[in-house]
Structures are given as structure tokens and as C-alpha cells.
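Okay, so here's the structure we're looking at.
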Amino acid sequence: MTVHMERDGRVTIVTLDRPERRNAIDHSTLLELLAVQTEIAARAPSETRAVILTGAAPAFSAGADLNGVEEGQFTADLQAVLRGFGALSVPVIAAIDGPALGAGTQLVIAADLRIATPSSQLGIPAARLGISIDHWTIRRLAQEFTPSVARAMLVGTENYSAERLHTLGGIHRLGDLSDAKEWAQRLAQFAPLTVVAHKLGLETLGAEYDEVAAFESARQTAWASADAEEGRAAFLAKRSANFTAT
């Protein structure tokens with residue numbers, strides 16, 4: 001197995017574990033990630049309220065494993081994995097410690113939130129390899145890391161430290177895995193139906209009417225939920241809310 005999953009209360013930690021290859025992504029890893037996403041989706045948010053995606057030392061992920069990686073099924077499954085994290089109904093935190101290059105950076109920007117050790121390096125060196133990434137990655141990179149950074153990474157093949165990206169807003173917090181776990185436990189306390197609506201709204205920015213309509217439906221569901229009543233009651237009573245995703 002190249003992907004490990006463990007649970008810490010209502011937080012699920014997904015770890016890329018090919019340290020001998022610096023957690024490079026091969027096709028087997030993608031299939032395991034797809035299986036993990038399916039399992040999480042089946043029990044979120046009833047049992048899982050937040051996800052951490054990380055890599056075993058010494059890297060988050062050095063990129064795609066170029067041994068046997070070609071345009072075709074690999075790239076199709078990579079796309080499914082990237083979009084799959086956005087489709088999960090719970091927040092996904094990328095916890096980065098070490099290089100996150102190529103497909104590693106793609107996984108990072110697929111997450112909702114990002115925390116990294118300051119010296120971690122991110123970049124997409126596709127132009128050095130004679131290959132091209134997909135349009136989803138280009139758009140997402142520009143949205144999350146700014147258009148200027150996206151141009152520097154894609155056209156100039158520049159790497160950025162997490163510390164530098166933090167000053168630009170692309171990395172939300174500086175810290176290690178223990179900090180990520182603390183953050184995730186806090187996120188797990190929030191109203192799940194609200195998170196569903198907000199994630200859907202963010203994932204469908206600039207989308208067509210049908211996708212926006214799906215967001216409106218999720219938003220109305222959150223407003224009409226028992227959790228909305230619980231949130232207001234807890235606020236007025238000055239106590240912690242107990243959200244049940246209903």
C-alpha cells in the first residue's frame with residue numbers, strides 16, 4: 001500500500017507513503033487515493049468531519065513517478081483524484097513538509113486549506129520535462145496562488161517556498177503535522193451542512209447555471225437545518241454548538 005489512512009476522532013489523516021520514491025505518484029497511488037476518497041465520502045460527515053492529506057518524510061510528494069506515466073488513464077485518474085478532494089463534503093487540509101512538486105503541487109491546490117513548514121518547496125516543472133498539465137490545474141493554480149505565481153511556476157518553472165507563498169495567501173498557515181491536526185480538530189466542530197454549501201460554492205465559481213443551482217439548493221438546506229437552529233441557540237446561550245449534520 002502506498003497510501004495509509006488513519007482516524008483521530010472525527011479527523012481522517014491520509015498519508016502518501018512511498019518514502020523511497022519521495023512519495024512520487026504512480027498509477028497505483030492514484031487508485032488507492034480514489035478508494036480512500038470513496039470510503040471517506042461514505043462516512044462523512046457522520047463520522048469524518050475533516051481530512052488531512054500529507055506525505056511521509058522526507059517529502060509531501062516529489063511529483064508524478066515518470067516510470068510508465070503517460071497521457072491517458074493516468075492523467076484521467078489524476079483528474080478524478082484532484083476533483084475528488086473538492087467533492088468531499090468535509091474540509092481537506094494539505095499538510096506539507098518537504099518538496100511538493102508537479103503532481104504534489106496539484107494535490108496541494110486541490111485541498112481546501114494548506115499548512116506547511118516554511119522551507120517546503122512548491123512548483124510545477126512540466127516545461128523541463130516536455131509535458132503539459134491540464135487546464136483545471138492552470139485555473140486552480142491561478143486562483144489559489146495568484147495569476148502571477150501561476151505564470152512564474154508554469155512558464156518560468158520557478159519554485160516557491162511555503163514561507164513566500166504564505167505571504168501571498170496561497171499557504172494559509174505555517175506549521176507542521178501536529179499543527180495541522182490541531183487545526184483539523186477545530187474545523188471538525190463546525191456545521192457540516194454549511195461546509196458542504198460553501199465548498200460547493202467555491203468549487204463552482206464561474207460555473208454554468210446547473211452547478212450554481214446545486215449550490216443554491218445546498219445553501220437552502222443549511223438554512224433550513226436543525227444545525228442552523230442549534231447554532232443560533234448556542235450563540236445566544238454562550239455555549240459550544242453541537243452540530244449533527246441534520
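Note that the structure is predicted; figures quoted are calculated from it, not measured.
- Considering only heavy atoms from C-beta on, V196 stays 4.5 Å or farther from T221 through its side chain.
- Residues V81 and L34 form a side-chain contact, since some pair of their non-hydrogen atoms from C-beta on lies under 4.5 Å apart.
- Remark: R140 pairs with E203 by the side-chain hydrogen bond (donor to acceptor under 3.5 Å, both in side chains) rule, at least two apart or across chains.
- Taken from CG in L193 to CZ in R219, the straight-line distance is 14.0 Å, to the nearest 0.5 Å.
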Checklist entry - Can D8 and Q185 be said to form a side chain to side chain contact (heavy atoms under 4.5 Å, CB included), step by step? => result CA-CA 9 Å; D8 181 6; Q185 293 292 351; 3.5 Å; yes
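- There is a path of hydrophobic side-chain contacts, each under 4.5 Å, that joins L53 to L31.
- The side chain to side chain donor-acceptor pair (under 3.5 Å) analysis of residues 35-45, with sequence neighbours excluded, yields the pairs T12-R43, R43-T48.
- The side chain to side chain contact (heavy atoms under 4.5 Å, CB included) check on A41 picks up L88, with sequence neighbours excluded.
- Sorted pairs that involve residues 156-170 and meet salt bridge (Lys or Arg N to Asp or Glu O under 4.0 Å), not counting sequence neighbours, are lacking altogether.
- For the atom pair Q143 CD and R139 CZ, the distance stands at 6.0 Å (nearest 0.5 Å).
- Judged as a side-chain hydrogen bond (donor to acceptor under 3.5 Å, both in side chains), and not counting sequence neighbours, R186 has no contacts.
- Remark: Q79 CD to I133 CD1 distance equals 10.0 Å, nearest 0.5 Å.
- Take A184 and apply the side chain to side chain contact (heavy atoms under 4.5 Å, CB included) test, not counting sequence neighbours, and it matches V11, A50, I52, I93.
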Anything under 3.5 Å between a donor and an acceptor, one on a side chain of residues 145-154, the other on a protein residue two or more places apart or in another chain? List them.
from	atom 1	to	atom 2	distance (Å)
T146	OG1	V149	N	3.2

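- Between Y160 and Q121, the closest side-chain pair of non-hydrogen atoms is not below 4.5 Å.
- Residue L174 is grouped with residue L168 when hydrophobic side chains (ILVMFWY) are merged at heavy-atom distances under 4.5 angstrom, including chains of intermediate members.
- Under a hydrophobic-cluster definition in which Ile, Leu, Val, Met, Phe, Trp and Tyr are linked whenever side-chain heavy atoms come within less than 4.5 Å, directly or via other members, L202 and V195 are assigned to different clusters.
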Item to check | CA sep, side-chain torsions, deciding dist, call: L101, L122, side chain to side chain contact (heavy atoms under 4.5 Å, CB included) | outcome: CA-CA 5 Å; L101 303 173; L122 292 85; 5.6 Å; no
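- Annotation: side chain to side chain contact (heavy atoms under 4.5 Å, CB included) contacts of E182 (sequence neighbours excluded): none.
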Quick one: side chains of residues 103-120, donor-acceptor pairs under 3.5 Å with protein atoms, not counting sequence neighbours, listed by atom name and distance.
from	atom 1	to	atom 2	distance (Å)
T105	OG1	A100	O	2.5
T105	OG1	G123	N	3.1
T105	OG1	G123	O	3.2
Q106	NE2	D134	OD1	3.3
Q106	NE2	T137	OG1	2.7
D112	OD2	V92	N	2.8
D112	OD2	K199	NZ	2.9
R114	NE	G170	O	2.6
R114	NH1	V108	O	3.4
R114	NH1	A111	O	3.3
R114	NH2	E144	OE1	2.6
R114	NH2	G170	O	3.3
T117	OG1	D97	OD1	2.9
T117	OG1	S120	OG	2.6
S120	OG	G98	N	2.9
S120	OG	T117	O	3.2

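- Here salt bridge (Lys or Arg N to Asp or Glu O under 4.0 Å) pairs that include residues 13-25, with residues two or more places apart or in two chains, are R18-D26, R18-D65, R21-D65.
- Not one N or O on the side chain of D77 forms a donor-acceptor pair closer than 3.5 Å with the backbone of L30.
- Side-chain atoms of D179 come within 3.5 Å of backbone N or O of D176 as a donor-acceptor pair.
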Checklist entry - L16 and I25: side chain to side chain contact (heavy atoms under 4.5 Å, CB included), yes or no, with the steps? => result CA-CA 9 Å; L16 303 174; I25 307 296; 3.9 Å; yes
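- Remark: R239 pairs with E230, A233, A234, A237 by the side chain to side chain contact (heavy atoms under 4.5 Å, CB included) rule, at least two apart or across chains.
- Judged by distance alone, with hydrogens and angles left aside, the side-chain atoms of D227 form no donor-acceptor pair with the main-chain N or O of A191 at under 3.5 Å.
- Taking the side-chain hydrogen bond (donor to acceptor under 3.5 Å, both in side chains) definition, one finds that T2 meets it with T29, E32, sequence neighbours left out.
- We find the CG-CH2 distance between L187 and W183 to be 6.5 Å, quoted to the nearest 0.5 Å.
- When atom types are taken as modelled, the side chain of S217 and the backbone of A214 share no donor-acceptor pair closer than 3.5 angstrom.
- Hydrophobic clustering places L82 together with V3 (ILVMFWY residues linked when any side-chain heavy atoms are closer than 4.5 Å, directly or through intermediates).
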